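Worksheet for the structure shown next.
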Amino acid sequence: MAGERQTFQPADLEQIKTWQEQGLIAGYTPTAYQDEPFLRTKTSGRVSLLMNAIGMEPATYPLFGQLVLREPADKTAAEVLQQPTDALLTQDIANSLGLKIGDQFMLGGGNLVQTWLTLVGTISATPNQQGGTVIYSLETARLLEKRDDVIDAVSIRWGTQPNAQETIVNSPFQVLVATTDEHTSSAQIVFNVMLKGAGVLGLLVGGIGVSNTLQVILARRKLEIAMLKTVGFVRGDLLRLIGLETGFIGVIGGVVGGFAGIAVAGKLIDILNNSGSLMMAWKPDWTIVLGGMLAGAATAVVFGLQAILVSSATRPVQLLRELPMSTPWRVWVTRLALYGLLVLIFGGLVGLVLGSVVEGIAFVFGGGLLLVVLRTLFWVILWLVLHLPLPRMPMLRLARNNLRNRKTQSSLAVIALFAGTFSIAMAAMSISNGYERVMGQRGSDEGYNLLVLASPETSEQITTQMVAQGAQQIYTSYSIDGARLDEQSITISGRTAADVAADVTIMDNTALANWSDDAKVALLPVGPYQEQFAVGDKIILQVGEQQLELTISGFYAPPTAANTQFLQPTTAVLVPRQVALALGGERVQTAVIGAFPVAELDATADLLGENLTDALVFSKADLNDALLGIYRALLTFAVSVAGLALVAGAVLIANSAGLLIVERRREIGIFKSVGYTSGHVLRLLLSEYGLLGFMGGAFGIIGVAIALFLINTSTPQAQMTFEPLIGAGMMLLSVLIALGSAALVAWQPTRVRPLDVLRYE
């Protein structure tokens with residue numbers, strides 16, 4: 001439970017302890033949060049913007065989730081946080097800044113007074129799975145905030161008493177109750193279904209790839225199978241032989257694939273963790289890994305058997321002469337039984353991930369139906385495309401005729417390329433839209449664009465250095481966070497009359513008439529305060545135990561977008577500077593803001609950071625780049641994940657091309673014997689697969705356009721736009737993958753002499 005910077009006093013904590021004794025609370029842990037603090041190192045004057053800082057009780061934190069140290073790996077937070085200046089950093093920040101255990105860094109911003117801390121550990125997983133975080137003890141939080149009442153949130157676990165939730169929710173504290181899955185939004189449900197569906201579809205496409213690979217292997221062995229049948233091997237012998245062989249292949253491939261999957265998954269998690277948006281501990285779930293290996297072996301056996309079913313039931317002479325082979329009804333029944341077995345195996349594997357075998361089987365079955373629908377749709381479209389009139393180009397017409405005879409295999413290749421193109425194009429366009437949205441809100445780096453946070457006694461030194469560096473304007477504020485006005489938490493900002501007049505819109509022109517550095521007057525922001533107070537009323541501001549009575553001299557409107565001061569509060573109580581210094585004591589933080597030419601901003605920030613060793617220097621460009629950096633990291637992650645689908649598509653295309661080459665070896669030999677060169681044959685094959693690549697890319701881009709339309713229709717505020725350049729790039733990539741994989745497989749067979757091919761026949 002937490003409030004808007006509500007602070008828990010000793011009596012409040014005693015009440016929570018009493019609830020625990022009464023059984024209303026099973027456990028609790030207090031915390032002190034600070035959003036978006038600043039961090040700088042000893043070796044760099046530039047400041048990094050963190051997501052949050054958390055002060056906690058090491059003995060009880062976290063109550064939910066986990067806090068895992070990457071280094072030292074065998075220690076807990078309670079064991080390493082021994083001194084008041086000890087702190088932990090998430091590994092994304094430590095890695096990006098090159099910090100190691102024992103190094104010092106300065107933390108400040110918001111409620112935190114600039115303080116040097118020592119890194120005693122790096123974090124690989126946080127309870128809220130968020131990166132860009134610094135964690136320290138409550139003792140350190142009191143040191144940073146220069147006060148005792150730093151606890152502003154308490155996480156609790158409900159007790160066993162029947163009235164526990166009602167009692168605590170109805171208490172004076174502001175209470176936030178975690179929701180259950182029953183309250184999951186429709187958007188979350190759709191997103192979860194899409195993720196699960198994409199995973200299952202990827203699993204099925206992988207199965208198709210295994211099937212094609214085995215078909216390539218077995219297609220090369222038709223002569224061997226025919227010879228085995230002539231020497232007495234019956235159908236059962238062949239099925240057992242092929243089953244054992246493909247089983248060995250599946251076990252070896254499953255083991256290699258399982259460990260490769262672990263390595264790839266770990267790398268993807270590292271990419272996501274380094275984005276600063278998420279921080280997750282990851283270790284292999286060996287049940288799932290072993291299940292995947294078993295599924296791989298089973299897939300190899302099932303698809304190997306179904307690939308040999310027809311050949312094993314065919315007379316040797318038909319195999320030797322490559323005569324048309326019919327498929328008996330018993331073979332179809334056996335195939336369906338094998339596919340049913342495969343659905344159960346895959347469903348069990350997916351069920352391990354989803355937590356429900358029934359749900360896993362349902363997803364696999366649904367994914368299979370989707371695959372059938374897509375295959376049928378693409379088969380129909382492919383049929384229509386292949387019957388369109390073409391220009392009088394013999395090679396193109398020949399390629400079209402070849403594809404007409406292999407529409408089933410071609411449709412599988414189109415599905416693979418469609419899945420890869422759709423995945424990576426959707427990810428790229430989503431991130432591009434978000435990137436442009438942030439850039440649109442980024443604003444200009446002009447105006448007040450460089451901030452220095454330091455102690456009040458260094459303000460003159462900072463001002464002098466800014467003037468020396470060519471500051472066009474300088475603005476100074478003495479801020480106190482966590483002050484109180486009539487039991488309300490507020491921020492106090494001490495400013496000169498000139499700074500106030502330049503910064504905000506004053507509602508009464510006489511409000512600054514009596515403003516001087518030590519005048520006991522205050523300006524309040526418009527809004528609720530106007531209903532509570534009037535000009536001339538007395539108010540009491542409190543900072544810790546210090547209190548001061550001031551007279552309200554007027555009200556002001558928050559800054560507009562044109563004159564907002566960089567990273568300064570827009571609803572603070574404004575007082576003269578000396579009044580703020582007297583009231584806040586050591587809790588006062590000085591913010592000196594300067595306006596510099598944008599072209600010189602980076603160089604100026606570097607120089608000031610080097611010269612002001614005990615200050616935090618931050619520019620508008622730093623803030624904008626920090627936000628965009630998260631999007632860039634997320635783009636890398638999304639493209640990496642979607643790229644796996646494209647790799648799967650490329651492998652499937654290569655397998656399809658390999659199977660095509662094996663089945664068409666006689667055709668290739670005849671082509672070459674009547675005068676076709678290796679180049680002619682290769683161009684013919686590339687024409688076929690170039691067309692498939694174009695179709696797969698086109699279908700993927702059309703799918704993205706439809707998905708964006710549906711998203712904008714269901715969520716108008718999304719306002720996602722289709723990026724033509726990304727679409728064109730994805731289509732080109734699809735064509736290149738198809739051409740590259742086909743060329744790689746077909747290069748060597750097209751260079752075999754016709755006599756060698758026909759002699760084999």
Side-chain angles (χ1 to χ4, degrees), residues 1-20 25 27-37 52-63 77 81 83-87 107-115 117 133-156 168 171-176 453 455-456 478-494 539-550 569 571-573 575 579-589:
M1 56 188 173
E4 185 178 0
R5 200 54 194 176
Q6 69 172 347
T7 55
F8 289 80
Q9 303 302 316
D12 301 327
L13 298 175
E14 284 296 325
Q15 176 63 71
I16 294 174
K17 185 178 180 181
T18 301
W19 283 340
Q20 185 178 30
I25 293 176
Y28 73 93
T29 184
T31 51
Y33 284 94
Q34 172 62 50
D35 293 330
E36 299 180 350
N52 50 57
I54 303 175
M56 53 83 185
E57 180 57 60
T60 59
Y61 182 86
L63 200 61
L81 294 174
Q83 302 299 323
T85 56
D86 291 345
L107 194 67
N111 295 323
L112 311 178
V113 177
Q114 296 82 22
T115 306
L117 302 177
T133 300
V134 56
I135 297 179
Y136 40 78
S137 67
L138 287 175
E139 183 181 7
T140 305
R142 296 184 180 97
L143 174 67
L144 286 164
E145 297 192 33
K146 305 299 183 185
R147 58 184 178 131
D148 294 329
D149 55 337
V150 297
I151 298 173
D152 57 7
V154 178
S155 298
I156 67 170
I168 296 173
S171 70
F173 302 114
Q174 182 181 359
V175 181
L176 303 177
L453 291 176
S455 58
Y478 294 87
S479 297
I480 310 166
D481 285 313
R484 306 194 72 81
L485 168 60
D486 286 351
E487 301 306 318
Q488 301 177 53
S489 180
I490 60 167
T491 296
I492 297 174
S493 181
I539 59 173
I540 296 178
L541 300 182
Q542 181 175 352
V543 178
E545 300 299 324
Q546 184 79 6
Q547 293 186 350
L548 186 64
E549 184 180 75
L550 302 176
T571 58
V573 174
V575 300
V579 172
L581 288 171
L583 185 59
E586 62 180 359
R587 289 175 58 179
V588 176
Q589 298 188 69

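All of these numbers come straight from a predicted model, not from anything done at the bench.
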[X] to [Y] - nearest heavy-atom pair and separation:
{"X": "Val150", "Y": "Ala32", "value": "O-CB, 3.1 Å"}
{"X": "Ser493", "Y": "Ala572", "value": "CB-CB, 4.0 Å"}
{"X": "Val543", "Y": "Gly584", "value": "CG1-CA, 4.2 Å"}
{"X": "Leu81", "Y": "Ser137", "value": "CD1-N, 4.2 Å"}

Do [X] and [Y] have side chains that get closer than 4.5 Å, going by heavy atoms?
{"X": "Ile480", "Y": "Val588", "value": "yes"}
{"X": "Leu144", "Y": "Tyr136", "value": "yes"}
{"X": "Ser455", "Y": "Val113", "value": "no"}
{"X": "Phe8", "Y": "Asp149", "value": "no"}

From [X] atom [atom1] to [Y] atom [atom2], the distance as rounded to the nearest 0.5 Å:
{"X": "Leu112", "Y": "Leu453", "atom1": "CG", "atom2": "CG", "value": "10.5 Å"}
{"X": "Arg484", "Y": "Ile492", "atom1": "CZ", "atom2": "CD1", "value": "11.5 Å"}
{"X": "Glu139", "Y": "Asp86", "atom1": "CD", "atom2": "CG", "value": "9.5 Å"}
{"X": "Leu63", "Y": "Tyr28", "atom1": "CG", "atom2": "OH", "value": "11.0 Å"}
{"X": "Gln34", "Y": "Asp481", "atom1": "CD", "atom2": "CG", "value": "7.0 Å"}
{"X": "Thr85", "Y": "Gln83", "atom1": "OG1", "atom2": "CD", "value": "6.5 Å"}

Determine the sole option in Glu586, Arg142, Glu545, Arg587 for which the side chain to side chain contact (heavy atoms under 4.5 Å, CB included) test with Arg147 is passed. Arg587

Of Leu138, Ile135, Ile151, which meets side chain to side chain contact (heavy atoms under 4.5 Å, CB included) against Met56?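 Result: among Leu138, Ile135, Ile151, Ile135 is the only option passing the side chain to side chain contact (heavy atoms under 4.5 Å, CB included) with Met56.
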
Side chain to side chain contact (heavy atoms under 4.5 Å, CB included), that's the test. Do Leu541 and Ile490 meet it? Break it down for me. CA-CA 9 Å; Leu541 300 182; Ile490 60 167; 3.8 Å; yes

Keeping Thr29 on the side-chain end and Pro62 on the backbone end, is there a donor-acceptor pair under 3.5 Å?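 No; zero donor-acceptor contacts below 3.5 Å.
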
For the backbone of Pro84 and the side chain of Thr140, can you confirm whether one donor and one acceptor N or O come within less than 3.5 Å of each other? yes

